[in-house]
Amino acid sequence: MTRFVLSRLVSAIPTLFLVSLAVFTLIRLIPGDPVSLMLGDNVDDAAYAAMSHELGLDRPIAVQFLMWLQGAFQGDLGRSITTGEAVLPLVLQRFAITAQLVLVAVALATVLAVPLGMLAAWRQNSAFDLGVVVGATALMSIPTFWMGLMLLLLFGLNLGWLPVLGYVSPFDDFGAGALYLVMPVAALVLHECGILVRMSRASTLDVLRLDYVTHARAKGLTEGQVLRRHVFRNAFGPTWTLLGLILGNLLGGVAVVETVFTIPGLGRLIVESIYGRDYPVLQGCLLFVAFTYVVVNLIVDLCYPLFDPRVKTT
Amino acid sequence: MRLGNRIGASALGIMAALAAGGATAQTLNVQLSSDIRSSRPGVNRDALSDMVALNVAEGLFAVGERGDIVPMLAKSWTVSEDGTTYTFALREGRVFHNGAPVTADLVKQSWEAMLAAPDFNCTGFFDGSRGSAVTGIEAPNAQTVVITLAEPDAMFLKYAAQSQCGGMGVTHPDSFAEDGTWDHPIGTGPFVFADWRRGQNVTLEKFSDYQPLAGEIDGFAGHKEALVETVNLVVTPDRATAVAALRSGDLDVVPYLSTAESAELQEEDGFVVKSAPHGGMITLLMQTEDPVLSSTEMRMAVAKALDVAQLVDVATNGLGTPNASLVPISSLYHSAVHDRGVGYAPGEVPAMLEAAGYDGQELVIQTNRRNPINENVAVLAQAMLQMAGINARIEVLEWATQLDRFRSGSFQMSAFNYSNRADPVLAYSAVVDSKEDRGSSIWDDPRAIELVDETLQTPDGEARQALFDELHELYLEQMPFVMLANNLTVSVNADYVQGYSTWNGFARLWGVSVEK
């Protein structure tokens with residue numbers, strides 16, 4: 001097991017290197033740079049040259065990359081061009097906020113969607129199944145920003161039940177923090193539920209058609225026992241893989257939801273750093289996102305044998 | 001604590017937060033469309049950082065309502081006959097937010113620290129490269145500060161009062177941490193910088209020992225009395241969310257709103273929409289080195305094809321006022337000469353195009369969607385130019401890309417807004433320069449350069465007026481770009497907020513009360 005984990009982590013190093021190289025190059029290929037943005041329309045060539053020099057942006061790109069890489073290996077991802085903050089603590093701080101939001105949302109979505117999908121498959125072609133499929137498709141089709149705005153207008157503005165903007169960490173004040181998370185979590189849960197219900201239903205349908213399920217029923221097991229003991233574990237595999245992908249994706253930042261609900265998370269930081277051409281922050285964020293993706297998928301792979309004993313991690 | 005108790009406590013917390021609802025009447029909630037860059041006046045700044053700094057720190061002097069320089073921490077000053085020595089007499093009884101009295105020594109330290117900061121935005125104005133070099137700052141006694149320049153500079157006070165220089169706001173040495181890094185501003189303004197949660201909000205608190213000057217509010221000076229206990233500047237990047245928060249009462253003021261959104265809110269009860277023009281400029285730039293636009297006749301044809309009054313009216317949703325001159329309408333120097341423009345004359349355009357040898361070549365107008373006014377200007381200008389027989393096309397760019405093209409002069413035409421300028425000559429110097437020296441220069445006529453240099457060295461008065469008049473006449477002759485209007489700030493506040501106005505592009509938080 002340890003060997004497997006280590007080998008997976010080591011094999012991620014080339015991936016992370018390629019990601020950092022691609023990000024480093026691509027962001028510099030986009031027209032516009034941080035110095036132009038900082039100087040705005042007050043720009044003159046001397047001030048531009050002086051600030052570029054100050055920020056080290058007048059050096060050859062290869063040199064800039066190697067210097068950044070050297071720092072990254074030592075755990076120093078540089079400092080934000082915009083605010084001067086150290087990038088690594090900034091990314092970790094923002095990630096912690098996004099992680100609260102995403103983990104709660106994905107957990108809730110899983111708890112709701114997986115049983116719902118299984119029940120829909122079990123009652124295939126019934127009115128219940130049709131309702132679940134239509135509902136899931138509708139939820140999948142609604143963009144999260146629109147869902148967010150609708151929630152905000154309904155519960156924040158019209159009903160006045162929930163705060164429209166701001167963020168309070170649940171670690172500072174659990175009650176207020178939870179209140180501020182209700183709408184963003186709901187927006188994510190509703191969207192992800194649609195996807196998970198569809199996957200859970202489809203994989204359950206596949207399993208329900210298999211001979212061992214018929215055999216289990218023939219043995220006289222109740223439908224509940226068949227679903228719990230024989231269908232769930234086998235049908236959950238594909239959903240679990242999808243969960244890993246969703247989690248990796250969302251942990252990389254839910255920029256739209258964070259922007260609509262004014263949550264200072266990782267996604268908003270990435271968007272701000274793109275618009276501000278804050279190279280060190282963007283590089284740091286994307287490297288971290290890639291690393292998160294690797295780790296989340298590793299955890300997913302490690303958990304796989306729990307659901308399907310045929311899969312081994314060695 | 002047992003689980004049940006924890007759940008109970010949390011539920012109570014949620015109920016309490018629900019019951020609390022919006023803000024109390026002693027808190028003013030203001031939108032910040034993005035987080036501030038730093039809290040240090042004039043250093044690593046942008047417009048929002050300047051806005052916060054101007055409410056917290058004060059300079060020796062400040063920009064008054066009509067763009068004049070008026071006393072602030074200094075009660076008066078004198079200038080030596082040779083124009084190189086400025087002697088400021090400090091007001092008595094002024095204190096910093098930490099209770100320390102304002103003394104000449106502390107003012108000297110603050111100025112010296114700013115001038116020495118490597119990322120001070122205005123170094124060029126005080127090191128001899130753009131303005132005269134500051135060669136000495138002395139404090140001969142506790143109430144007198146003497147600043148010496150290498151050579152006379154009529155713009156010295158105006159440079160120093162600029163918002164981009166933080167108005168040379170005076171801060172106490174304890175604004176720095178023990179290791180010498182910047183911590184937070186301890187100024188003398190009506191608000192104390194209380195807290196900054198990055199990405200979330202900035203909290204300002206009323207400075208209880210502040211002694212407002214007598215009289216009225218005067219630009220960034222005058223009667224600056226804080227009427228609310230707390231100002232909560234909430235980072236709200238999404239405009240739709242900000243408007244929803246305004247409607248729900250979570251925000252009391254949205255200082256910068258697009259003209260389209262403001263039009264919608266103008267129709268609703270409960271909101272006050274205010275439009276305030278400032279010294280920035282809404283322009284349609286033309287690249288005078290472009291093969292097509294290098295001809296004066298061609299540029300004049302473009303100008304005469306534009307119905308500026310209609311364009312400004314539509315582009316700004318009826319909130320803007322056309323201005324053909326770089327001298328703002330509100331300026332002391334906006335004489336009758338500056339009311340003259342080239343005029344809308346589509347009938348004259350064909351002859352001019354023929355004289356320019358125009359043969360249907362495409363003209364590309366660059367614009368962006370970040371600023372709806374720019375986009376509107378581009379769309380309307382394209383339509384008007386096409387109606388006049390000029391083949392115009394729009395290229396929509398991301399803001400950073402458009403700015404990059406502006407910096408290098410890589411455009412044919414560009415719907416572009418200049419930010420606020422504290423003095424009309426700074427508006428001219430933003431566009432007038434040799435294109436060899438500055439890629440972003442628009443107008444590189446030698447006479448215009450000479451006139452701007454002369455205006456920079458001419459103190460306020462009739463001679464300066466004459467120079468501005470001549471510059472405008474020359475502009476009308478050469479038409480290097482089309483000046484459409486002064487830029488404007490549209491703000492909206494709930495009707496229970498009294499006394500709010502966004503002035504010169506900045507949210508003035510003094511004199512504002514909340515009466516829910």
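Below, all heavy atoms of this structure are taken into account, side chains as well, without hydrogens, waters or symmetry copies. Naming convention: chains lettered A, B, ... in sequence-line order (proteins, then strands); numbering from 1 in each chain.
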Heavy-atom side-chain proximity of Pro34(A) to Thr82(A) below 4.5 angstrom: no
Contact winner vs chain B - Leu152(A), Leu165(A), Val271(A), heavy-atom pairs under 4.5 Å: Leu165(A)
Donor-acceptor under 3.5 Å (Thr241(B) side chain, Val260(A) main chain): yes
Tyr418(B): which of Leu285(B), Asn487(B), Ile282(B) passes side chain to side chain contact (heavy atoms under 4.5 Å, CB included): Leu285(B)
Per-residue contact mode, Arg239(B) against chain A (heavy atom under 4.5 angstrom): neither
Chain A contact via Ser38(B) - which portion, at a heavy-atom distance below 4.5 Å: neither
NZ/NE/NH1/NH2 to OD/OE distance under 4.0 Å, Asp50(B) and Arg45(B): yes
Test side chain to side chain contact (heavy atoms under 4.5 Å, CB included) applied to Ile270(A) and Val281(A), Val289(A), Val91(A), Asp278(A), the passing residue: Val289(A)
Heavy-atom proximity to chain B below 4.5 Å, by part of Leu153(A): side chain
Residue selection (most heavy-atom pairs with chain B, distance under 4.5 Å) from Gln93(A), Met51(A), Glu272(A), Glu85(A): Glu85(A)
Salt bridge flag under 4.0 Å for residues Glu261(B) and Arg247(B): no
Which atoms of Leu37(A) approach chain B - backbone, side chain, both or neither, heavy atom under 4.5 Å: both
CG-CG distance between Leu157(A) and Leu149(A), expressed to the nearest 0.5 angstrom: 11.0 Å
Criterion salt bridge (charged side-chain N to carboxylate O under 4.0 Å, His left out) on Arg94(A) and Glu258(A), from CA distance to verdict: CA-CA 11 Å; Arg94(A) 297 296 190 98; Glu258(A) 288 171 358; over 6 Å; no
Per-residue contact mode, Val235(B) against chain A (heavy atom under 4.5 angstrom): both
Contact check, side chains of Phe261(A) and Leu181(A), non-hydrogen atoms, under 4.5 Å: no
Toward chain B, the part of Leu90(A) with a non-hydrogen atom under 4.5 Å: neither
Contact origin within Gln402(B) toward chain A - heavy atom pairs under 4.5 Å: neither
Whether over 12 other heavy atoms sit under 6.0 Å from Tyr275(A) OH: no
Side chain, backbone, both or neither of Asp437(B) within contact of chain A (heavy atoms, under 4.5 Å): backbone
Most chain A-contacting option - heavy-atom pairs closer than 4.5 Å, from Ser429(B), Ala430(B), Ser419(B): Ser419(B)
Part of Asn417(B) within contact of chain A (heavy atom distance under 4.5 Å): backbone
Side chain, backbone, both or neither of Phe406(B) within contact of chain A (heavy atoms, under 4.5 Å): side chain
Contact class of Arg370(B) relative to chain A, heavy atoms under 4.5 angstrom: neither
Tyr48(A) portion near chain B, given a 4.5 angstrom heavy-atom threshold: side chain
